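Here the structure is a predicted model, which means the values were calculated and not measured.
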Amino acid sequence: MTELPKAAVDRLIREGGAERVASDAVVTMANILQDLALDVASKANRITKHSGRKTVTADDMKIAAKA
């Protein structure tokens with residue numbers, strides 16, 4: 001189960017151009033987004049540790065998102 005609010009995910013899908021959104025589409029998208037976010041966070045953490053730091057920075061996140 002995801003921790004992302006369904007209303008926020010629904011809003012993102014609508015901002016992507018959808019007029020109507022099924023509830024199962026919201027749940028599926030929330031799961032996908034959570035998986036992607038955890039992957040980026042994990043990569044950013046590895047970048048941070050490799051740099052000899054303990055604090056994850058915005059730059060770490062940006063680099064991780066591109067990788």
### Task
Report the distance from atom CG of L12 to atom CG of L33, rounding to the nearest 0.5 Å.
7.0 Å

## Note on the structure
One should read off an interatomic distance between T28 OG1 and I13 CD1, to the nearest 0.5 angstrom, of 8.5 Å

### Query
Where do R53 and D60 land on the salt bridge (Lys or Arg N to Asp or Glu O under 4.0 Å) test, with the steps shown first?
CA-CA 11 Å; R53 296 178 283 110; D60 297 333; 2.8 Å; yes

### Query
Between atom NZ of K54 and atom NZ of K49, what is the distance when rounded to the nearest 0.5 Å?
10.0 Å

### Message
Please give me the minimum heavy-atom distance between A18 and V21, naming the atom from each residue.
### Response
CB-CG2, 4.0 Å

### Summary
Distance col, row D24:CG vs M29:CE, nearest 0.5 angstrom, shows 13.0 Å

### Message
Donor-acceptor check, side chain of S42 to backbone of L38, threshold 3.5 angstrom: yes or no?
### Response
no

## Note on the structure
Looking only at heavy atoms, the pair that brings E3 and Q34 closest together is N-OE1, 3.0 Å

### Ion pair K6/D10, N-O distance below 4.0 Å
no

### Query
Taking all non-hydrogen atoms of both residues, which atom of E19 and which atom of R14 are closest, and how far apart?
O-NH1, 2.7 Å

#### Entry: Straight-line distance of D59 CG to S51 OG, nearest 0.5 Å
10.0 Å

### Query
What's the shortest heavy-atom distance between A64 and A44, and which atoms?
CB-N, 3.5 Å

### Closest heavy-atom pair and its distance - V9, V26
CG1-O, 3.5 Å

### Query
Can you name the closest pair of heavy atoms from A67 and K43 and give their distance?
O-NZ, 3.2 Å

### Message
Closer than 3.5 angstrom, by distance alone: can the side chain of N45 be matched with the main-chain N or O of A41 as a donor-acceptor pair?
### Response
no

### Message
Please tell me whether I47 and V40 are part of a single hydrophobic cluster in this structure, the criterion being side-chain heavy atoms less than 4.5 Å apart.
### Response
no

